[in-house]
**Student:** 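First the structure, then my questions, so here it is.
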Amino acid sequence: MRTRTARHGSVAAALFLALCAPTAVAAPVPRTPDTAADVSAAESAGAALVARRAALAAASRGGGAAGLDFRACPAVEDLPSRVRCATLRVPLDYARPDGPQISLTVSRAAATGAGGAARQGALVQNPGGPGASGMYFPLVADLPGWERIAAAYDFVGYAPRGVGRSAPLSCTDPAARPRGPVQEPVHPSPAYKAERLAQARAYANGCARRAGAALPYYTTLNNARDLHVLRAALGEEGLTLMGASYGTYLGAVYATLYPGHVRRMVLDSAVDPDPRRVWYRNNLDQARGFEGRWHDFRAWVARHHGTYGLGTTPAAVQAAYERARDAVARTPAGGNVGTGELRAAFLQAAYYDDVWPDRAAALAAFLRGDPSLLAAQAAPDPASAAEAENATAVYTAVLCNDAPWPADWATWDRDNTELARTAPFETWANAFLNLPCASWPVRARQAPVAVGSQPERLPRTLVVAAERDGATPYPGALELQRRLGAGSSLVTETGAGSHGVVGGRNDCVDRHVERYLLTGATPRWRVTCTPHPEPAPVSLDDGAAGARRALLPPVV
């Protein structure tokens with residue numbers, strides 16, 4: 001649900017691109033309560049107009065993605081020659097479809113047709129965030145297990161507005177981002193909270209200063225409208241989408257706005273779309289979810305005490321982590337890994353269990369006097385500062401624009417102080433990440449879309465979730481399925497919690513997804529798959545996790 005610095009698989013280019021300054025645009029339409037309904041109607045009409053134009057352009061050039069001019073990808077994309085790239089022009093403000101325009105970058109690998117498979121159209125992917133780029137997605141066609149899907153579908157990725165080279169957004173100079181070590185107190189004092197509140201206000205003001213008039217237009221609603229235009233430009237009557245994490249919410253909003261243009265949707269690791277939870281309460285839920293996965297990691301390490309020597313109970317492993325945290329608070333590991341970097345590195349263990357062996361080995365080595373593994377895994381990479389700032393800026397703008405947030409610090413302080421009593425691992429870091437929304441300099445926030453309120457029944461959709469996912473807790477999948485209606489099916493990986501279930505971890509899940517994408521058939525209302533195997537421990541002498549399965553690059 002929220003953007004992180006992702007681990008890059010061998011098949012993936014960087015998820016984000018170098019930051020560029022946004023182009024100046026004309027002043028936005030003021031959004032006041034008296035004009036909100038009129039603006040919404042104008043935006044809907046503008047999106048319909050732009051999509052019709054894109055569909056006509058595709059038809060005039062022969063359809064089948066011919067509406068986009070796919071050529072060799074720019075070198076900055078770092079994609080192989082068989083992947084082709086294009087740009088899609090969309091309005092900054094759909095209420096003014098002929099007003100200022102922005103360009104979105106798009107990538108595509110054409111369907112292989114292997115085995116005589118008939119082409120079924122374009123499979124579009126959104127990997128989440130918000131703030132993540134899907135430009136790498138065509139490379140997934142080469143992964144084992146994807147051959148039959150790649151034979152039938154063009155694999156289409158894109159960078160949503162604000163991300164990479166798609167009207168890039170930034171809120172501060174990337175060079176000004178902390179380079180480490182960052183020292184976070186275990187129990188933030190009133191003075192520390194006041195400091196973070198001031199930093200959050202400064203960041204929000206920086207978003208307004210650097211983005212200018214464009215700032216209100218980075219929203220999920222506009223992302224859905226952009227996706228509607230992309231579908232039309234690809235020559236597709238209906239959208240076939242793989243959305244992960246935040247991409248599930250984007251897909252659900254798209255289905256609500258454009259139910260007649262939904263073909264198939266795989267929604268993996270579902271965000272709770274209840275408007276009452278978007279986005280403030282969703283983030284409180286996420287902190288609770290991370291606490292559960294942090295326990296799962298510690299329990300796994302305890303079961304492998306013979307390998308790591310970190311304790312035979314989750315509590316003992318927690319004590320080992322706290323010793324490391326106290327040590328880096330005094331002397332940063334490698335000179336630039338403080339308590340903030342340590343927490344962020346181990347948060348990855350709450351996202352993906354395939355990093356468990358590496359994190360456990362690094363913690364054990366550090367406590368035995370060798371900080372090199374921990375420094376290698378946790379130290380910030382100065383070369384990715386622009387990517388990280390771009391991701392944070394887009395994440396912040398979309399979530400802050402999408403919905404009202406509490407404006408008074410007392411509410412944040414009360415809710416997070418209470419939550420931290422039972423979920424201390426990530427609560428305050430999560431709160432401070434989102435705190436710019438308390439003073440967001442956009443006059444009127446959008447009301448969250450009532451997902452599932454469309455008058456017509458949706459085609460069959462497929463929701464996939466891990467029962468112990470921390471980033472997008474499982475109740476969100478139940479709520480999403482309920483709102484999508486009787487035509488939706490939910491595939492649950494029981495007893496597992498890695499974020500992003502589809503694509504290499506669980507054969508049972510992947511069989512359901514492949515069957516659905518190739519035939520449109522879904523399983524019954526709810527089905528379960530047994531959990532994928534836990535990772536094998538790696539001894540300190542191994543130095544690496546060894547051979548691993550080919551996975552989709554991680555969702556965020």
Side-chain angles (χ1 to χ4, degrees), residues 1-4 130 171 178 182-208 220 246 249 271-295 318 321-322 325 329 339-340 342-344 346-347 350-351 392 395-448 469-476 479:
M1 180 164 57
R2 65 175 161 169
T3 300
R4 300 291 180 191
C171 295
V182 173
Q183 302 292 8
E184 299 174 344
V186 177
H187 304 292
S189 66
Y192 182 80
K193 293 174 182 177
E195 179 184 349
R196 294 302 301 264
L197 181 58
Q199 291 173 355
R201 288 172 176 155
Y203 190 80
N205 290 335
C207 295
T220 296
Y246 166 76
Y249 182 64
V271 169
D272 190 333
D274 186 338
R276 296 169 297 179
R277 309 205 76 78
V278 175
W279 288 105
Y280 180 71
R281 295 195 176 280
N282 271 341
N283 275 278
L284 297 176
D285 295 340
Q286 187 182 63
R288 295 186 187 94
F290 282 139
E291 195 69 28
R293 282 302 281 167
W294 175 235
H295 178 275
Q318 176 70 28
Y321 173 80
E322 290 173 359
R325 186 179 62 199
T339 57
L342 181 74
R343 175 198 51 76
F346 279 86
L347 179 61
Y351 269 91
T392 300
Y395 166 86
T396 303
V398 172
L399 265 64
C400 295
N401 282 330
D402 265 5
W405 290 71
D408 60 305
W409 165 246
T411 298
W412 293 72
D413 195 21
R414 180 199 65 221
D415 291 346
N416 287 281
T417 297
E418 180 180 353
L419 180 58
R421 294 190 180 104
T422 56
F425 179 65
E426 184 66 9
T427 289
W428 281 113
N430 205 21
F432 294 138
L433 174 70
N434 293 296
L435 194 50
C437 295
S439 55
W440 192 242
V442 171
R443 283 177 289 173
R445 317 292 177 89
Q446 302 206 358
D469 188 345
T472 52
Y474 186 66
E479 179 67 11

**Student:** Could you check Q286 against D469 for side chain to side chain contact (heavy atoms under 4.5 Å, CB included), going step by step and ending with a plain yes or no?
**Tutor:** CA-CA 9 Å; Q286 187 182 63; D469 188 345; over 6 Å; no

**Student:** Under the rule for side-chain contact (heavy atoms from CB on, under 4.5 Å), what residues qualify as partners of D415, not counting sequence neighbours?
**Tutor:** Y280, L284, T411

**Student:** With rounding to the nearest 0.5 Å, note down the distance linking CG in N283 to OG1 in T427.
**Tutor:** 10.5 Å

**Student:** Heavy atoms only: give me the nearest E291-T422 pair and the separation to one decimal.
**Tutor:** CG-O, 3.6 Å

**Student:** I'd like to know whether CD of E322 has more than 12 heavy-atom contacts from other residues, nucleotides or ligands below 6.0 angstrom.
**Tutor:** yes

**Student:** Any sub-3.5 Å donor-acceptor pair from N282's side-chain atoms to D272's backbone N or O?
**Tutor:** yes

**Student:** Take W405 and R445 through the side chain to side chain contact (heavy atoms under 4.5 Å, CB included) test and state the conclusion after the steps.
**Tutor:** CA-CA 9 Å; W405 290 71; R445 317 292 177 89; 3.5 Å; yes

**Student:** For W428 and H187, indicate whether the former's side chain and the latter's backbone hold a donor-acceptor pair under 3.5 Å.
**Tutor:** no

**Student:** Kindly give the heavy-atom pair with the smallest separation between A204 and P436, and that separation in Å.
**Tutor:** CB-O, 3.8 Å

**Student:** Between F290 and A350, which heavy-atom pair has the shortest distance, and what is it?
**Tutor:** CD2-CB, 3.8 Å

**Student:** Going by side chain to side chain donor-acceptor pair (under 3.5 Å), T220 matches just one of Y246, W279, Y249. Which one?
**Tutor:** Y246

**Student:** According to salt bridge (charged side-chain N to carboxylate O under 4.0 Å, His left out), who are the partners of E184, at least two apart in sequence or on a separate chain?
**Tutor:** R343

**Student:** Do the rings of W409 and F432 sit parallel, tilted or perpendicular, given the 30° and 60° boundaries?
**Tutor:** parallel

**Student:** Sub-3.5 Å donor-acceptor pair from the side chain of N430 to the main-chain atoms of E426, do we have one?
**Tutor:** no

